[in-house]
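One structure is given here, and the rest of the page talks about it.
Counting begins at 1 with the first residue of the sequence. Start at 1 and go down the list; that is how both ligands and their atoms are numbered.
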Amino acid sequence: MTTLNETHDPELKSWVTSANKAGCDFPIQNLPFGRFRRTGIEDGWRIGVAIGDQVLDLRAAGLVDNDDMNTVMAASPEARQALRRELSDGLREGSTQRPAWTRALVPQNECEYSVPCRIGDYTDFYTSVHHATTVGKQFRPDNPLLPNYKWVPIGYHGRASSIGVSGGTFKRPRGQTRAPDAQAPSLGPSKRLDYELELGWFVACGNEQGEPIEIGNAEAHLFGVTLFNDWSARDIQGWEYQPLGPFLSKNFASTVSPWMVTMEALAPFRAAFERPADDPQPLPYLDSDANRARGAFSISLEVLVQTAKMREAGEAPVRLSATNTSRAAYWTPAQLVAHHTVNGCNLQAGDLLGSGTLSGPEPSEAGSLMELTGSGKSPVTLPNGEVRSFLEDGDTLILRGWCEADGAIRIGLGECSGTVAAS
Ligand code: MN
């Protein structure tokens with residue numbers, strides 16, 4: 001597990017002065033990785049690190065010799081920590097790197113982004129017991145939580161090809177649905193399009209097939225975290241999900257934020273993993289003293305919406321819900337890695353592990369419209385009078401995340417936005 005070192009020192013300031021402003025997502029204590037290029041320049045994607053309102057081009061700064069992010073991610077934990085120290089040293093006030101690295105900076109508002117790495121495989125978990133319970137109630141009022149939930153970190157294999165980066169638009173999916181009163185299903189645009197507030201944990205170095213990753217070593221196999229929106233068509237999902245789980249209701253589009261906030265940057269924002277005494281305790285392969293002491297993370301999350309009408313009227317997005325991972329997640333990232341590989345499944349650098357919808361215990365902390373509106377029965381009224389049961393064409397959905405702790409500088413995950421287009 002990563003520990004605090006001089007790169008987390010709250011007194012550190014950068015010669016990139018925008019990084020020193022209070023509330024900035026990307027102070028020198030953060031240093032998240034992404035892939036970028038200058039807008040409109042049809043060049044290959046380059047590896048960048050966000051600092052203040054700038055991006056440091058790692059190859060131009062002489063820190064990498066090619067632009068393959070997955071290679072950087074697959075390096076040993078020691079090499080990744082050494083790169084973080086080099087970045088921290090070179091970007092801090094008084095560094096002799098300043099003249100050379102100034103030429104390697106690009107303003108963020110002159111950049112466009114790709115998904116932050118090549119995502120080979122994508123798995124989505126189901127780590128919020130509150131989400132699982134609320135959703136389960138809609139299908140099984142008397143027995144909302146299935147008996148395996150508190151023993152197994154539930155997940156399914158998703159699809160990587162349709163994962164896009166923040167700022168994009170996707171078409172409302174069409175699919176087969178069956179209305180409750182209908183004799184037969186029909187094909188058409190989804191009428192119950194939803195979002196899911198999630199985090200995406202990216203795999204660093206992988207494991208050999210047949211060689212499980214033990215929980216004590218699990219975090220060394222994680223590179224960092226992004227915001228993740230697992231767009232979901234609830235009407236397609238309701239008709240197709242039995243017996244093999246989600247399929248076309250989920251794989252038409254997913255969205256990630258551009259920046260991977262590293263496990264090292266998250267070190268000041270760890271939390272205890274607590275399991276209520278009445279609940280089953282994790283099996284030994286999912287348990288360790290270190291995981292109990294500080295295997296969880298405290299990441300604040302919020303969801304905002306801006307409808308087409310709001311955009312035309314120049315109105316800012318409004319908040320739909322907010323929560324914190326420490327209130328929402330039943331399993332830690334290390335447990336997800338240990339469980340995913342316990343059967344010998346091999347993970348690879350760049351694989352994405354979705355957290356599942358991160359809903360907290362209170363209704364205002366729900367991470368999807370299905371939960372916020374009771375499956376559409378209690379629509380949300382927006383400040384301009386518009387009403388939403390599910391998403392409509394032209395809606396932009398925005399996820400934001402940040403970390404705060406006593407004695408640490410606030411860091412941000414940035415933003416993950418996406419807009420629904422007509423089918
Ligand atoms: Mn999901």
Side-chain angles (χ1 to χ4, degrees), residues 115 119 121-139 144-146 148-149 152-166 170 173 175 190 192-203 225-242 244-257 299 301-303 320-321 323 325 327-333 335-337 339-340 351-360 365-373 375 390-391 397-399 401 413 416-418 420:
V115 292
I119 305 172
D121 278 302
Y122 151 51
T123 300
D124 201 23
F125 284 92
Y126 202 48
T127 61
S128 164
V129 67
H130 310 293
H131 173 72
T133 304
T134 308
V135 173
K137 260 182 204 154
Q138 296 180 10
F139 298 103
L145 210 57
L146 292 169
N148 57 3
Y149 187 86
V152 180
I154 302 290
Y156 68 94
H157 282 116
R159 189 166 180 85
S161 66
S162 52
I163 300 174
V165 75
S166 179
F170 68 93
S190 169
R192 294 160 77 84
L193 182 61
D194 202 353
Y195 60 86
E196 291 189 337
L197 165 64
E198 302 197 19
L199 290 173
W201 300 96
F202 279 94
V203 172
V225 70
T226 57
L227 298 161
F228 183 64
N229 186 343
D230 178 25
W231 306 97
S232 298
R234 302 301 180 193
D235 43 359
I236 299 173
Q237 186 177 356
W239 175 234
E240 77 172 5
Y241 88 102
Q242 287 180 316
L244 289 185
F247 179 35
L248 302 180
S249 56
K250 299 277 193 175
N251 67 7
F252 55 92
S254 316
T255 308
V256 291
S257 52
I299 303 174
L301 299 165
E302 68 173 353
V303 182
L320 288 173
S321 69
T323 188
T325 49
R327 294 170 58 77
Y330 195 77
W331 302 100
T332 65
Q335 288 171 321
L336 303 186
V337 170
H339 184 66
H340 204 311
D351 284 357
L352 176 65
L353 310 183
S355 62
T357 308
L358 291 167
S359 301
E365 298 178 77
S368 69
L369 276 173
M370 176 172 55
E371 292 159 271
L372 277 180
T373 69
S375 224
F390 289 96
L391 295 168
L397 206 286
I398 301 158
L399 312 180
L413 276 68
C416 175
S417 78
V420 182

Worksheet entry | Ring centroid separation F228 to F202 under 6.0 Å | no
Fill in: Side chains of R192 and S232, donor plus acceptor under 3.5 Å
no
Worksheet entry | Minimum-distance N/O/S atom that E198 presents toward the Mn ion (ligand 1) | OE2
Worksheet item: Ion pair present between D124 and K250, side-chain N to carboxylate O less than 4.0 angstrom?
Response: no
Worksheet entry | Shortest-distance N/O/S atom, E196 versus the Mn ion (ligand 1) | OE1
Item to complete: Please note down the angle at the Mn ion (ligand 1) between OD2 of D230 and OD2 of D124, to the nearest 10°.
Response: 80°
Fill in: Carboxylate-amine/guanidinium proximity below 4.0 Å for E196 and R234
yes
